[in-house]
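Predicted model only: the values in this text are computed from it and were never measured.
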Amino acid sequence: MSFGLKSLRFEAHLPLLFHQRNHKLLKLFVASDRRMSEKSKAKVFVSRDDFPAEGMNLLKERCDLEIWPLKKGLLSRDELVKQIKVKDAFYIALGDKIDKELLKSAGKNFKVISTMSVGLDHIDVAAAKEAKIRIGYTPDVLTEATAELTIGLLIATSRRLFEANKALRCGDWKSWSPLWMCGPGLEGSTIGIFGFGRIGQSVAKKLLAFRVSRILYCGRKKKEGNEIGAIHTDFDCLLKESDFVIVNCSLTPETKCVFNKDKFSLMKPTSIFVNTARGGVVDQEALLEALQNKVIAGAGLDCMNPEPIPTDHPLTKLDNCVLLPHIGSATFGSRNAMGVLAAQNILAALDDREMPAEIKV
Ligand SMILES: O=C(O)[C@H](O)CO
(Lines give C-alpha, C1' and ligand atoms only; values in the text may rest on other atoms or scores of the structure.)
Protein backbone atom coordinates (compact mmCIF):
# COMPACT_ATOMS: atom_id res chain seq x y z
CA MET A 1 0.00 0.00 0.00
CA SER A 2 2.71 2.33 1.06
CA PHE A 3 4.73 1.27 -1.98
CA GLY A 4 1.69 1.87 -4.04
CA LEU A 5 1.23 5.24 -2.44
CA LYS A 6 4.87 6.19 -3.02
CA SER A 7 4.62 5.08 -6.57
CA LEU A 8 1.44 7.02 -6.94
CA ARG A 9 3.11 10.05 -5.41
CA PHE A 10 6.06 9.55 -7.74
CA GLU A 11 3.72 9.24 -10.68
CA ALA A 12 1.82 12.27 -9.50
CA HIS A 13 5.10 14.19 -9.74
CA LEU A 14 5.81 12.95 -13.21
CA PRO A 15 3.82 15.58 -15.08
CA LEU A 16 5.50 18.22 -12.92
CA LEU A 17 8.96 16.88 -13.67
CA PHE A 18 8.02 16.57 -17.30
CA HIS A 19 6.72 20.11 -17.24
CA GLN A 20 9.84 21.40 -15.49
CA ARG A 21 12.08 19.62 -17.99
CA ASN A 22 10.03 20.95 -20.86
CA HIS A 23 10.05 24.38 -19.33
CA LYS A 24 13.85 24.26 -19.23
CA LEU A 25 13.91 23.06 -22.81
CA LEU A 26 11.46 25.75 -23.77
CA LYS A 27 13.61 28.36 -22.04
CA LEU A 28 16.65 27.09 -23.89
CA PHE A 29 14.74 27.12 -27.15
CA VAL A 30 13.41 30.66 -26.61
CA ALA A 31 16.88 31.89 -25.68
CA SER A 32 18.50 30.32 -28.70
CA ASP A 33 15.66 31.53 -30.91
CA ARG A 34 16.12 35.02 -29.50
CA ARG A 35 19.85 34.76 -30.14
CA MET A 36 19.17 33.49 -33.64
CA SER A 37 16.66 36.19 -34.42
CA GLU A 38 19.03 38.76 -32.95
CA LYS A 39 21.76 37.39 -35.13
CA SER A 40 19.48 37.28 -38.14
CA LYS A 41 17.75 40.63 -37.57
CA ALA A 42 17.46 42.44 -40.88
CA LYS A 43 19.80 45.36 -41.33
CA VAL A 44 18.08 48.51 -42.45
CA PHE A 45 19.76 51.77 -43.38
CA VAL A 46 17.66 54.88 -42.64
CA SER A 47 18.77 57.92 -44.60
CA ARG A 48 18.00 60.62 -42.00
CA ASP A 49 17.22 60.88 -38.31
CA ASP A 50 14.06 62.98 -38.49
CA PHE A 51 11.58 60.46 -39.87
CA PRO A 52 8.33 60.23 -37.83
CA ALA A 53 8.77 58.07 -34.72
CA GLU A 54 5.86 55.68 -35.25
CA GLY A 55 7.28 54.20 -38.44
CA MET A 56 10.76 54.01 -36.92
CA ASN A 57 9.44 52.19 -33.85
CA LEU A 58 7.73 49.61 -36.03
CA LEU A 59 11.02 48.89 -37.76
CA LYS A 60 13.06 48.87 -34.54
CA GLU A 61 11.00 45.95 -33.21
CA ARG A 62 12.30 43.67 -35.92
CA CYS A 63 15.34 45.21 -37.53
CA ASP A 64 18.74 46.60 -36.73
CA LEU A 65 18.63 50.20 -37.84
CA GLU A 66 21.56 52.32 -38.84
CA ILE A 67 20.28 55.88 -38.97
CA TRP A 68 22.15 58.67 -40.72
CA PRO A 69 22.56 61.62 -38.31
CA LEU A 70 21.77 64.89 -40.07
CA LYS A 71 24.23 66.71 -37.86
CA LYS A 72 26.89 65.07 -40.04
CA GLY A 73 25.38 66.88 -43.04
CA LEU A 74 23.31 65.54 -45.89
CA LEU A 75 23.88 61.95 -46.81
CA SER A 76 26.50 61.49 -49.50
CA ARG A 77 26.40 59.13 -52.42
CA ASP A 78 29.54 57.42 -51.13
CA GLU A 79 27.73 56.60 -47.90
CA LEU A 80 24.82 55.11 -49.85
CA VAL A 81 27.26 52.98 -51.86
CA LYS A 82 28.87 51.78 -48.64
CA GLN A 83 25.49 50.99 -47.07
CA ILE A 84 23.88 49.19 -50.00
CA LYS A 85 26.69 46.63 -49.91
CA VAL A 86 25.94 45.48 -46.39
CA LYS A 87 22.27 46.15 -45.68
CA ASP A 88 19.02 44.32 -46.43
CA ALA A 89 16.90 47.40 -46.95
CA PHE A 90 16.90 51.17 -47.36
CA TYR A 91 14.36 53.52 -45.79
CA ILE A 92 14.75 56.77 -47.72
CA ALA A 93 13.08 59.99 -48.83
CA LEU A 94 12.97 62.34 -51.81
CA GLY A 95 16.52 63.68 -51.68
CA ASP A 96 18.15 60.25 -51.77
CA LYS A 97 19.03 59.44 -55.33
CA ILE A 98 19.05 55.76 -56.22
CA ASP A 99 20.46 55.26 -59.70
CA LYS A 100 21.62 52.33 -61.77
CA GLU A 101 25.26 52.69 -60.76
CA LEU A 102 24.40 52.67 -57.07
CA LEU A 103 22.17 49.62 -57.50
CA LYS A 104 25.09 47.76 -59.08
CA SER A 105 26.87 47.95 -55.72
CA ALA A 106 24.00 46.22 -53.89
CA GLY A 107 25.14 43.31 -51.73
CA LYS A 108 23.57 39.87 -52.08
CA ASN A 109 21.19 40.44 -49.16
CA PHE A 110 19.82 43.75 -50.37
CA LYS A 111 16.10 43.30 -51.03
CA VAL A 112 14.05 46.42 -50.79
CA ILE A 113 14.01 50.20 -51.03
CA SER A 114 11.19 51.93 -49.23
CA THR A 115 10.69 55.61 -49.93
CA MET A 116 8.55 57.86 -47.76
CA SER A 117 7.04 59.53 -50.81
CA VAL A 118 4.53 58.90 -53.54
CA GLY A 119 6.90 60.33 -56.15
CA LEU A 120 9.56 57.97 -57.46
CA ASP A 121 11.61 60.23 -59.70
CA HIS A 122 14.63 59.90 -57.38
CA ILE A 123 14.76 56.15 -57.99
CA ASP A 124 15.69 54.31 -61.18
CA VAL A 125 12.73 51.96 -60.94
CA ALA A 126 13.59 49.96 -64.08
CA ALA A 127 17.15 49.34 -62.89
CA ALA A 128 15.83 48.24 -59.49
CA LYS A 129 13.48 45.80 -61.14
CA GLU A 130 16.32 44.41 -63.24
CA ALA A 131 18.33 43.94 -60.05
CA LYS A 132 15.28 42.22 -58.46
CA ILE A 133 15.07 44.87 -55.77
CA ARG A 134 11.54 45.67 -54.63
CA ILE A 135 10.34 49.26 -54.17
CA GLY A 136 7.76 50.47 -51.70
CA TYR A 137 6.21 53.95 -51.79
CA THR A 138 3.44 55.85 -50.00
CA PRO A 139 0.43 56.62 -52.20
CA ASP A 140 -3.08 57.53 -50.94
CA VAL A 141 -2.11 58.63 -47.43
CA LEU A 142 -1.00 62.04 -48.71
CA THR A 143 -3.63 62.64 -51.38
CA GLU A 144 -5.94 64.87 -49.35
CA ALA A 145 -3.14 66.87 -47.72
CA THR A 146 -1.54 67.59 -51.09
CA ALA A 147 -4.85 68.46 -52.72
CA GLU A 148 -5.64 70.84 -49.83
CA LEU A 149 -2.28 72.57 -50.22
CA THR A 150 -2.90 72.89 -53.97
CA ILE A 151 -6.12 74.77 -53.30
CA GLY A 152 -4.32 76.89 -50.71
CA LEU A 153 -1.59 77.80 -53.16
CA LEU A 154 -4.13 78.54 -55.88
CA ILE A 155 -5.87 81.04 -53.62
CA ALA A 156 -2.64 82.43 -52.16
CA THR A 157 -1.40 83.17 -55.67
CA SER A 158 -4.59 84.45 -57.31
CA ARG A 159 -5.64 86.52 -54.28
CA ARG A 160 -2.07 87.73 -53.71
CA LEU A 161 -1.98 86.73 -50.05
CA PHE A 162 1.77 86.91 -49.54
CA GLU A 163 2.11 90.14 -51.49
CA ALA A 164 -0.69 91.70 -49.44
CA ASN A 165 0.81 90.47 -46.18
CA LYS A 166 4.21 91.88 -47.15
CA ALA A 167 2.61 95.23 -48.06
CA LEU A 168 0.86 95.40 -44.68
CA ARG A 169 4.08 94.66 -42.79
CA CYS A 170 5.98 97.29 -44.81
CA GLY A 171 3.41 99.97 -44.03
CA ASP A 172 2.13 100.14 -47.62
CA TRP A 173 -1.50 99.77 -46.42
CA LYS A 174 -2.58 103.39 -46.44
CA SER A 175 -6.36 102.99 -46.59
CA TRP A 176 -8.98 100.59 -47.89
CA SER A 177 -8.70 101.01 -51.63
CA PRO A 178 -11.15 99.70 -54.26
CA LEU A 179 -8.71 98.02 -56.61
CA TRP A 180 -5.72 97.46 -54.37
CA MET A 181 -4.54 93.82 -54.21
CA CYS A 182 -7.31 92.56 -56.47
CA GLY A 183 -6.88 89.26 -58.28
CA PRO A 184 -9.03 86.77 -60.14
CA GLY A 185 -11.51 84.68 -58.13
CA LEU A 186 -12.24 81.01 -58.65
CA GLU A 187 -16.01 81.33 -59.05
CA GLY A 188 -17.07 80.94 -62.68
CA SER A 189 -13.52 80.21 -63.84
CA THR A 190 -12.15 77.43 -66.04
CA ILE A 191 -9.66 75.21 -64.30
CA GLY A 192 -7.20 73.01 -66.18
CA ILE A 193 -5.60 70.09 -64.37
CA PHE A 194 -2.56 68.45 -65.92
CA GLY A 195 -2.33 64.91 -64.53
CA PHE A 196 -5.58 63.43 -63.29
CA GLY A 197 -4.42 60.77 -60.85
CA ARG A 198 -5.40 60.54 -57.19
CA ILE A 199 -4.29 64.07 -56.30
CA GLY A 200 -5.60 65.73 -59.48
CA GLN A 201 -9.01 64.12 -58.96
CA SER A 202 -9.14 65.20 -55.34
CA VAL A 203 -8.26 68.78 -56.32
CA ALA A 204 -11.05 68.73 -58.92
CA LYS A 205 -13.63 67.52 -56.39
CA LYS A 206 -12.63 70.18 -53.89
CA LEU A 207 -12.86 72.89 -56.54
CA LEU A 208 -16.51 72.11 -57.22
CA ALA A 209 -17.27 73.73 -53.87
CA PHE A 210 -15.86 77.01 -55.26
CA ARG A 211 -18.50 77.03 -58.03
CA VAL A 212 -15.99 76.97 -60.87
CA SER A 213 -17.61 76.83 -64.27
CA ARG A 214 -15.56 74.09 -65.98
CA ILE A 215 -12.84 71.65 -65.06
CA LEU A 216 -10.67 70.46 -67.94
CA TYR A 217 -8.00 67.82 -67.53
CA CYS A 218 -5.47 65.97 -69.57
CA GLY A 219 -3.41 62.90 -68.94
CA ARG A 220 -3.61 59.17 -69.60
CA LYS A 221 -6.85 58.74 -67.61
CA LYS A 222 -9.73 59.66 -69.88
CA LYS A 223 -12.87 58.63 -68.02
CA GLU A 224 -12.03 59.49 -64.43
CA GLY A 225 -13.57 62.94 -64.72
CA ASN A 226 -17.00 61.74 -65.88
CA GLU A 227 -18.39 61.33 -62.38
CA ILE A 228 -17.85 65.00 -61.52
CA GLY A 229 -18.44 66.43 -64.98
CA ALA A 230 -14.78 67.25 -65.69
CA ILE A 231 -13.86 67.24 -69.37
CA HIS A 232 -10.90 65.40 -70.86
CA THR A 233 -9.07 67.50 -73.41
CA ASP A 234 -5.71 67.80 -75.14
CA PHE A 235 -2.82 69.70 -73.61
CA ASP A 236 -2.91 72.76 -75.89
CA CYS A 237 -6.65 73.20 -75.54
CA LEU A 238 -6.32 72.99 -71.74
CA LEU A 239 -3.67 75.72 -71.79
CA LYS A 240 -5.63 78.03 -74.09
CA GLU A 241 -8.94 77.70 -72.28
CA SER A 242 -7.97 77.68 -68.61
CA ASP A 243 -7.88 80.59 -66.17
CA PHE A 244 -5.94 78.43 -63.74
CA VAL A 245 -3.56 75.67 -64.79
CA ILE A 246 -2.70 73.16 -62.09
CA VAL A 247 0.05 70.53 -62.38
CA ASN A 248 -0.58 67.26 -60.55
CA CYS A 249 1.28 64.72 -62.69
CA SER A 250 4.29 62.64 -61.75
CA LEU A 251 7.71 63.40 -63.19
CA THR A 252 8.63 60.87 -65.86
CA PRO A 253 10.71 61.12 -69.06
CA GLU A 254 7.43 61.99 -70.85
CA THR A 255 6.52 64.87 -68.54
CA LYS A 256 10.03 66.33 -68.10
CA CYS A 257 9.93 70.06 -69.00
CA VAL A 258 6.56 69.76 -70.78
CA PHE A 259 5.74 73.27 -69.58
CA ASN A 260 8.12 75.17 -71.85
CA LYS A 261 8.17 78.55 -73.56
CA ASP A 262 5.78 77.44 -76.33
CA LYS A 263 3.30 76.09 -73.83
CA PHE A 264 3.37 79.19 -71.59
CA SER A 265 2.75 81.32 -74.67
CA LEU A 266 -0.51 79.44 -75.25
CA MET A 267 -1.84 80.40 -71.81
CA LYS A 268 -4.00 83.47 -71.19
CA PRO A 269 -2.13 86.59 -69.98
CA THR A 270 -4.52 86.61 -67.01
CA SER A 271 -3.91 82.98 -66.09
CA ILE A 272 -2.32 81.55 -62.97
CA PHE A 273 -0.01 78.53 -63.02
CA VAL A 274 0.20 76.25 -59.95
CA ASN A 275 2.60 73.34 -59.52
CA THR A 276 2.40 70.94 -56.57
CA ALA A 277 3.91 68.01 -58.47
CA ARG A 278 7.59 68.25 -59.37
CA GLY A 279 9.84 71.12 -60.48
CA GLY A 280 11.23 68.98 -63.29
CA VAL A 281 7.91 69.14 -65.16
CA VAL A 282 8.62 72.81 -65.87
CA ASP A 283 11.30 74.57 -67.91
CA GLN A 284 11.98 76.99 -65.07
CA GLU A 285 13.79 79.57 -67.19
CA ALA A 286 10.78 79.69 -69.51
CA LEU A 287 8.47 80.13 -66.53
CA LEU A 288 10.63 82.91 -65.14
CA GLU A 289 10.48 84.75 -68.48
CA ALA A 290 6.74 84.20 -68.75
CA LEU A 291 6.26 85.76 -65.30
CA GLN A 292 8.69 88.63 -65.88
CA ASN A 293 7.17 89.47 -69.28
CA LYS A 294 3.57 89.03 -68.05
CA VAL A 295 2.93 86.24 -70.56
CA ILE A 296 0.97 84.78 -67.63
CA ALA A 297 -0.26 86.62 -64.54
CA GLY A 298 1.22 84.58 -61.73
CA ALA A 299 2.60 81.27 -60.48
CA GLY A 300 2.32 79.33 -57.24
CA LEU A 301 5.01 76.69 -56.83
CA ASP A 302 5.40 74.10 -54.10
CA CYS A 303 8.20 72.45 -56.04
CA MET A 304 10.99 73.83 -58.13
CA ASN A 305 14.40 73.02 -59.48
CA PRO A 306 16.69 72.69 -57.59
CA GLU A 307 15.25 72.14 -54.14
CA PRO A 308 15.96 74.04 -52.01
CA ILE A 309 15.98 76.86 -54.54
CA PRO A 310 18.77 79.39 -53.84
CA THR A 311 17.35 82.30 -51.85
CA ASP A 312 18.70 84.76 -54.43
CA HIS A 313 17.10 82.97 -57.39
CA PRO A 314 15.24 85.47 -59.64
CA LEU A 315 11.92 83.68 -58.96
CA THR A 316 12.21 84.71 -55.30
CA LYS A 317 12.25 88.37 -56.37
CA LEU A 318 8.91 88.30 -58.18
CA ASP A 319 5.73 89.55 -56.52
CA ASN A 320 3.63 87.48 -58.89
CA CYS A 321 5.27 84.23 -57.82
CA VAL A 322 4.45 82.42 -54.57
CA LEU A 323 7.06 79.88 -53.52
CA LEU A 324 6.61 77.18 -50.89
CA PRO A 325 9.28 74.73 -49.71
CA HIS A 326 7.71 71.44 -50.94
CA ILE A 327 5.14 71.10 -48.15
CA GLY A 328 2.27 69.54 -50.11
CA SER A 329 1.93 66.50 -47.84
CA ALA A 330 3.02 68.30 -44.67
CA THR A 331 0.16 67.59 -42.29
CA PHE A 332 1.03 65.70 -39.12
CA GLY A 333 -1.43 62.96 -40.08
CA SER A 334 -0.12 62.46 -43.60
CA ARG A 335 3.55 62.52 -42.77
CA ASN A 336 3.02 60.07 -39.93
CA ALA A 337 0.95 57.74 -42.11
CA MET A 338 3.63 57.93 -44.82
CA GLY A 339 6.27 56.96 -42.28
CA VAL A 340 4.25 53.98 -41.04
CA LEU A 341 3.43 52.78 -44.55
CA ALA A 342 7.10 53.01 -45.54
CA ALA A 343 8.00 50.85 -42.52
CA GLN A 344 5.24 48.32 -43.27
CA ASN A 345 6.52 48.06 -46.83
CA ILE A 346 9.98 47.09 -45.59
CA LEU A 347 8.69 44.55 -43.07
CA ALA A 348 6.51 42.87 -45.69
CA ALA A 349 9.32 42.69 -48.23
CA LEU A 350 11.73 41.25 -45.65
CA ASP A 351 9.19 38.46 -45.06
CA ASP A 352 8.72 37.97 -48.81
CA ARG A 353 5.10 38.99 -48.37
CA GLU A 354 2.92 41.25 -50.48
CA MET A 355 3.83 44.85 -49.65
CA PRO A 356 0.99 47.26 -48.75
CA ALA A 357 2.22 49.65 -51.47
CA GLU A 358 4.74 48.29 -53.94
CA ILE A 359 5.51 49.87 -57.26
CA LYS A 360 5.15 47.35 -60.07
CA VAL A 361 6.73 48.17 -63.39
O1 LIG B 1 6.30 62.52 -53.54
C2 LIG B 1 5.87 62.90 -52.47
O3 LIG B 1 5.50 62.11 -51.59
C4 LIG B 1 5.74 64.36 -52.17
O5 LIG B 1 6.28 65.14 -53.12
C6 LIG B 1 6.31 64.69 -50.81
O7 LIG B 1 5.38 64.31 -49.91
Check: So, for Ser158 and Phe244, which heavy atoms are closest and what is the spacing to 0.1 Å?
Finding: CB-CE2, 3.6 Å
Check: Between CE of Met355 and NZ of Lys360, what distance do you get to the nearest 0.5 Å?
Finding: 8.0 Å
Next item on the list: Determine whether the side chains of Ser175 and Ser177 contain a donor N or O and an acceptor N or O closer than 3.5 Å.
Entry: no
Next item on the list: Return the minimal non-hydrogen interatomic distance between Phe45 and Lys87, and the atom names on each side.
Entry: CB-CG, 3.8 Å
Checklist line | Chi angles and distances behind the side chain to side chain contact (heavy atoms under 4.5 Å, CB included) call for Lys256, Val281 | finding: CA-CA 5 Å; Lys256 189 161 192 273; Val281 174; over 6 Å; no
Margin query: Whether the Glu54 and Asn336 side chains hold a donor-acceptor pair (N or O, under 3.5 Å, no angle test) is what I'd like checked.
Written below: yes
Notebook entry, point to check: For the atom pair CD (Gln284) and CD1 (Ile309), what is the distance rounded to the nearest 0.5 Å?
Noted result: 4.5 Å
Check: Can you find a side-chain donor-acceptor pair between Arg278 and Ser250 that sits under 3.5 Å?
Finding: no
Check: Should Ile215 and Val245 be regarded as members of a common hydrophobic cluster, given that ILVMFWY residues are connected when their side-chain heavy atoms come within less than 4.5 Å of each other, either directly or indirectly?
Finding: no
Next item on the list: Look at atom CZ of Arg198 and say whether more than 12 heavy atoms of other residues, nucleotides or ligands are closer to it than 6.0 Å.
Entry: yes
Next item on the list: Evaluate the ring planes of Phe259 and Phe235, with Trp represented by its six-membered ring, and classify them as parallel (under 30°), tilted (30 to 60°) or perpendicular (over 60°).
Entry: perpendicular
Checklist line | Modelled atom types, side-chain donor and acceptor of Thr190 and Ser242, under 3.5 Å | finding: no
Check: Which heavy atom of Met267 sits nearest a heavy atom of Ile296, and at what distance?
Finding: CB-CG2, 3.8 Å
Check: Does atom CZ of Arg77 have more than 12 heavy-atom neighbours, drawn from other residues, nucleotides or ligands, at distances under 6.0 Å?
Finding: yes
Note to self: Hydrogens and angles aside, do Ser271 and Asp243 bring a side-chain donor and acceptor to less than 3.5 Å of each other?
What the structure shows: no
Next item on the list: Write down the atom of Ala286, the atom of Lys261, and the distance for their closest heavy-atom approach.
Entry: CB-N, 3.5 Å
Notebook entry, point to check: Once you round to the nearest 0.5 Å, how far does CD1 of Ile151 lie from CG of Leu207?
Noted result: 3.5 Å
Check: Crowded around Glu79 CD? As in, over 12 foreign heavy atoms under 6.0 Å?
Finding: yes
Notebook entry, point to check: Do you know which two heavy atoms are closest between Leu59 and Val44, and how far apart they sit?
Noted result: CD1-CG1, 4.4 Å
Margin query: Using every non-hydrogen atom in the two residues, find where Tyr217 and Glu224 come nearest and quote the distance to one decimal.
Written below: OH-N, 3.7 Å
